[in-house]
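By convention in this document, chain letters (A, B, ...) are assigned in the order of the sequence lines, proteins followed by strands, and residues within each chain are numbered from 1. Everything quoted here is computed from the prediction, not taken from an experiment. The basis for the numbers below is simple: all heavy atoms, side chains too, and nothing from hydrogens, waters or symmetry mates.
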Number of protein chains: 2
Amino acid sequence: MAKAPTVYDVAERAGVSIASVSRVLRSPDSVKEQTRERVLEAVRHLGYVPSANARGLAARRTNVIGLFFPGHDDVAGSEGQLVAASGGVTTVRDDPTTEPETNNFYFDEVLRGAEIEAWRRGFALMVAAGRGASREAIVNDIAGRVDGLAVLARTVPDELLTHVARRIPVVVLAATRGTDEFDHVSVNNAPGMRAMTEHVLGAGARRLLYIAGPEDSPDDAERLQGFRAAVDGVAGVTVELIRGDFSRARGREIALGIDPLPDAIVCSNDQTALGVLDAMGRRSIGVPDDVMVTGFDGITAGRHSSPRLTTVHQPMVELGRAAIQALTARLDDPSMDARSLVLPVQVVLRESCP
Amino acid sequence: MAKAPTVYDVAERAGVSIASVSRVLRSPDSVKEQTRERVLEAVRHLGYVPSANARGLAARRTNVIGLFFPGHDDVAGSEGQLVAASGGVTTVRDDPTTEPETNNFYFDEVLRGAEIEAWRRGFALMVAAGRGASREAIVNDIAGRVDGLAVLARTVPDELLTHVARRIPVVVLAATRGTDEFDHVSVNNAPGMRAMTEHVLGAGARRLLYIAGPEDSPDDAERLQGFRAAVDGVAGVTVELIRGDFSRARGREIALGIDPLPDAIVCSNDQTALGVLDAMGRRSIGVPDDVMVTGFDGITAGRHSSPRLTTVHQPMVELGRAAIQALTARLDDPSMDARSLVLPVQVVLRESCP
DNA sequence: CCCACAACTGTATGCGCTTACAGTTTGCAA
DNA sequence: TTGCAAACTGTAAGCGCATACAGTTGTGGG
């Protein structure tokens, strides 16, 4: 890495001007074959890789899209420096009760979708996760690096977004549009939960427990609304609501303490529902015979639990893709009206509430 | 987004030179308080976000690190354009046998680790996944955008890496060092599998089935080597080897056809082992009583299977972090000798092979 | 009140590329 | 041959910022 070669080096070796080098790389057909060959030879010989910075500066676009989501704030143990010492094998017996939980499946999938769509459209993808206080700096930083930014709802104050949006288009994920000026992409939370709940009622459940997520989640709020719409006014239905935090551990904890048992436990996400299943297993309570359980999200783990989890599947990969599409659409036509795209969901019936 | 403001705009509004604007942003202390305030006011007022391209060009570094890994090549259904129509809820009954599998947990974790460490060290993270043929173009593209590149083993031809490495440092993940000049970060595959296998033997198993991964996986090769080291020369042990592909589906398929049953099935990754557990469940064969099952990776799903999966846990998040650390170390001192870091693994005993 | 020096600010240059425009070559009809 | 359009190539001007260096202002000592 003595000194990265530049267009000038390539041009010199190929005996052409830097404009020709640039042309060979950008629009090969506009250059005579013979010249092109000489340039490409020089590129290979010198190990030339064009600087995206210079390119971006000259072309006034980076061809990068940013994705910002709430982060694993500061992960335990992430402080340390890794020792350089190599190898080692230890053995532990894993007690089911010790459980460092990571439940970012949701973001992983969104990210996957975004990654796919971004590259398909010729954009690179930059990811950033929100660390509490430094969030503002990070968002600003990333905003300077990209042509467009997709942000997960509620992770960034509107004021910051507005600031950033003066420079690049911003699309907000997983929140329906309020009064802001951004494009939005979300899923059909309320109708999905409503349909799920109606299925539960249809299966004969009358005494329902609803385990909600954190109060500041707009997704959760919409799901709760859908749940209420389903139960409201239905004769003979009683409802209890407990607030969880979307985690498996909390779901389990709540379910371990439930007494008497309701007919059905409707959870506002899958992780919570899986925790409930764990608890029922431990309490030797039959699902769905003694109590039905449902989730929301459609994470892979729900297909492999026992019993398998009935849930509302939301298209997470599609969500990521849609975000990129919304962004590129706006880049193509900045004057477009702000749009709000709501993706369909699917009630998936499995054994936990057949 | 009429026209993004630049340093010049900010300087003009604040009544200072562009150098002062730059200073306020880069080293605030070198500017008189009063001036600083004026500049910051202008920044806020104009919605100024500095261009990372210009900054990178001038400073000769991007402060971005790239992560390249094998991709979900072309995902089914990813061709379509999303309809702009909103909403919708459908219901399906999910048959356990239909199963679109996504098993990138591994990469998700590595990515998480890399993301954390990169931002901690003041770098942004750019991710790219390998699409078959366009791989070369993608790697070249991303190489022009970053200060350093982490690449998952075997996903990129050495020749390409060498080309790229002339411009920026490259670290290869999950493969021990061969004769190349790159830094490497990997995990202790062979000793880990050896220890796992010895545990299996210690539990009394004598007829073993080993389900390997794809032939081109260096990780898999090392694990197999560890397995062989453990069984070699142990009296009375018989071994059969079947090659899988690291997928859950393939693991299940293989396990459904096994007859007669061995004492233990040692799998070279968790997904495969989970597939084996699925199959045993369906065949009503008791695990670990009738057959023991072990995996390798330590993915979350293994903690929630039934029975819970005994496995060798590899520190995937740490792997990602270590990659970034290796990269930044080399950026700090490019003349350093190529290093190879091997991370420790942990045999985790759970019910599938206690 | 002057001067040396510190603290601060401005000027000017270049980072590596794209691209409008001007200049040169080529092919071919006249 | 000559002339001219088409095809190609070169020249030069930025893109928005960082920073070396020069210039300006402010401070305290003499």
Side-chain angles (χ1 to χ4, degrees), chain A residues 1 3-40 42-43 46-64 140-141 143-147 166-168, chain B residues 1 3-40 42-43 46-64 140-141 143-147 166-168:
Chain A
M1 279 158 301
K3 176 70 171 57
T6 72
V7 261
Y8 296 97
D9 301 318
V10 175
E12 183 176 359
R13 174 165 230 272
V16 299
S17 73
I18 61 164
S20 291
V21 175
S22 181
R23 288 194 189 97
V24 168
L25 268 28
R26 309 270 98 244
S27 48
D29 293 338
S30 69
V31 174
K32 203 203 301 181
E33 158 130 29
Q34 182 190 346
T35 311
R36 195 190 319 150
E37 287 309 324
R38 291 225 307 283
V39 170
L40 290 177
V43 166
L46 297 172
Y48 170 68
V49 177
S51 152
N53 277 333
R55 182 174 280 182
L57 185 56
R60 254 150 293 207
R61 64 180 309 188
T62 63
N63 276 305
V64 179
N140 244 298
D141 179 285
R145 304 177 176 280
V146 301
D147 290 336
R166 294 180 60 176
R167 172 179 242 265
I168 51 171
Chain B
M1 278 158 299
K3 175 70 169 59
T6 71
V7 262
Y8 296 97
D9 302 317
V10 175
E12 183 176 358
R13 174 165 230 272
V16 299
S17 73
I18 62 162
S20 291
V21 176
S22 181
R23 287 194 192 96
V24 168
L25 269 29
R26 310 270 95 241
S27 47
D29 293 338
S30 70
V31 174
K32 205 205 298 182
E33 158 129 29
Q34 182 189 347
T35 311
R36 197 190 318 152
E37 287 309 325
R38 291 226 307 284
V39 169
L40 289 178
V43 166
L46 296 172
Y48 171 69
V49 178
S51 152
N53 277 333
R55 183 173 278 185
L57 186 56
R60 253 152 293 221
R61 63 180 310 188
T62 63
N63 277 306
V64 179
N140 244 296
D141 179 284
R145 303 177 175 282
V146 301
D147 290 337
R166 294 181 59 176
R167 173 180 241 266
I168 51 171

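- The stretch residues 50-64 of chain A touches DNA chain D through L57(A), A58(A), R60(A), each having a heavy atom under 4.0 angstrom from the strand.
- Among residues two or more places apart in sequence or in another chain, the salt bridge (charged side-chain N to carboxylate O under 4.0 Å, His left out) test is passed with R26(B) by none.
- With V21(B) as reference, V10(B) is the one residue of L40(B), T35(B), V10(B), T6(B) to meet the side-chain contact (heavy atoms from CB on, under 4.5 Å) rule.
- Between the side chain of R166(B) and the backbone N or O of P5(A), no donor-acceptor pair lies under 3.5 Å.
- In this structure, the side chains of R167(B) and S51(A) come closer than 4.5 Å at one or more pairs of heavy atoms.
- Here dT19(C) presents its C1' atom at 12 Å from CZ of R26(A), a figure rounded to the nearest Å.
- Note on Y8(B): every side-chain N or O is 4.0 Å or more away from OP1 and OP2 of dG10(C).
- One interatomic measurement links the two molecules: CG of L25(B) to P of dG16(D), which rounds to 16 Å at whole-angstrom precision.
- Judged by closest nucleotide on DNA chain D, I18(A) is the one of I18(A) and I18(B) placed further toward the 5' end.
- The shortest non-hydrogen separation linking N53(A) to R61(B) is ND2-O, 4.3 Å.
- With rounding to the nearest 0.5 Å, the separation of CG in L46(B) from CD in E12(B) is 9.5 Å.
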Check nucleotides 7-9 of chain C for protein N or O atoms closer than 3.5 Å to its own N or O atoms and list the pairs.
unit_1	atom_1	unit_2	atom_2	d
dT9(C)	OP1	T35(B)	OG1	2.3
dT9(C)	OP2	K32(B)	N	3.0

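- Note: CD (E12(B)) to P (dG16(D)) measures 14 Å, nearest angstrom.
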CA sep, side-chain torsions, deciding dist, call: V16(B), V39(B), side chain to side chain contact (heavy atoms under 4.5 Å, CB included): CA-CA 8 Å; V16(B) 299; V39(B) 169; 4.0 Å; yes
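- Rounding to the nearest 0.5 angstrom, the gap separating the CZ atom in R23(A) from the NZ atom in K32(A) is 13.5 Å.
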